Number of protein chains: 2
Amino acid sequence: MTTSPIGNHLRRLRFDHGEMTQEALARAAGVTRQTVIALEAGRYAPSLELAFRLARVFGKQVDDVFFWRDDSVALT
Amino acid sequence: MTTSPIGNHLRRLRFDHGEMTQEALARAAGVTRQTVIALEAGRYAPSLELAFRLARVFGKQVDDVFFWRDDSVALT
DNA sequence: ACGAAATGTATGGTTTACATTACATTCTGT
DNA sequence: ACAGAATGTAATGTAAACCATACATTTCGT
């Protein structure tokens, strides 16, 4: 039930996109409804490939749909 | 040995970034050298999370580092 | 030409992003 | 209030994105 470090604006984009349903988005992106539900719930992050497909559905860039929940990045 | 539908500019960015080595990039992104090699070789696509970390290393957007090798996207 | 650094290959294991199916709950219109 | 649509939950399985280790090959400075 842990939530992934990546967030998204899928839910908002769906509504901004004419009351688009989860099922409709799922079909448009070529995934199951379960996947859309899990993504909106933040249960896991999509693969980069799926991120591209989802962004394309809304005519957006990946960076406009998904974002980084910055926790802490320790680099040397 | 199949190549993933997602390409990237990692190799070029590494060089544009002061002869940065694969090992250095790996450490900067918090991943193993094997992963960088596999990504540059196009053996698989990174997770979205790793894509974000890699893009950040170069101060770029995900969409500027990775791209979609458009084959055919059939949607209804 | 030699050695070291950089890059590549091989194998095996763990985690997670998916699919599939089935069922439960909430929202909506009439 | 009821029916149907939309959303959510649960359980199991698979493929692929990682890690770790070890070894082989190429590149490069001196």
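Quantities reported herein were computed from a predicted structural model and do not represent experimental measurements. Order of the sequence lines sets the chain letters (A, B, ...), proteins ahead of strands, with each chain counted from 1. The figures here come from the full heavy-atom set of this structure, side chains too, leaving out hydrogens, waters and symmetry mates.
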Looking across every strand, which nucleic acid part, if any, lies under 4.0 Å from Ala38(A) by heavy atom: base, sugar-phosphate, or nothing?
nothing

Any side-chain N or O of Arg43(A) less than 4.0 Å from the OP1 or OP2 oxygen of dT16(C)?
no

Please give, in whole Å, the distance from dA5(D) C1' to Glu19(A) CD?
13 Å

Stepwise side-chain contact (heavy atoms from CB on, under 4.5 Å) check, Phe66(A) with Val62(B):
CA-CA 10 Å; Phe66(A) 301 93; Val62(B) 168; over 6 Å; no

Side-chain donor/acceptor of Thr21(A) to backbone N/O of Ala24(A), under 3.5 Å:
no

Send over the distance from Ile37(B) CD1 to dC23(D) C1', rounded to a whole Å.
13 Å

Can you tell me how far C1' of dT26(D) sits from CD of Glu23(B), to the nearest Å?
17 Å

Of Glu40(A) and Ser47(B), whose nearest nucleotide on DNA chain D comes first from the 5' end?
Glu40(A)

Categorize Ala41(A) for me: base, sugar-phosphate, or nothing, with a 4.0 angstrom heavy-atom threshold over every strand shown.
nothing

With heavy atoms under 4.0 Å as the rule, sort Thr32(A) into base, sugar-phosphate or nothing.
base

With DNA chain C as reference, determine whether Tyr44(A) or Thr21(B) sits nearer its 5' end, using the nearest nucleotide of each.
Thr21(B)

Would one find a side-chain N or O of Thr35(B) under 4.0 angstrom from OP1 or OP2 of dC19(D)?
yes

Distance in angstrom units between Ile6(B) CD1 and dC18(D) C1', rounded
16 Å

What is the distance, to the nearest angstrom, from the CZ atom on Arg27(B) to the P atom on dC19(D)?
14 Å

Whole-Å gap separating P (dT27(D)) and CZ (Arg11(B)):
11 Å

I need the CG-P distance between Leu25(A) and dG8(D), as an integer number of Å.
13 Å

For Phe58(A), the option from Arg56(A), Gln61(A), Lys60(A) that meets side-chain contact (heavy atoms from CB on, under 4.5 Å):
Lys60(A)

Atom pair distance, as rounded to whole Å: CZ in Arg53(A) and C1' in dA19(C)
13 Å

Got a donor-acceptor contact below 3.5 angstrom from the Arg33(B) side chain to the Glu23(B) backbone?
no

Under 3.5 Å donor-acceptor pair, Gln34(A) side-chain atoms to dT9(D) base atoms:
yes

Give me the atom names and distance for the closest heavy-atom approach of Pro46(B) to Leu48(A).
O-CB, 3.4 Å

Should the side chain of Arg33(B) and the base of dG8(C) be counted as holding a donor-acceptor pair, with the cut-off at 3.5 Å?
yes

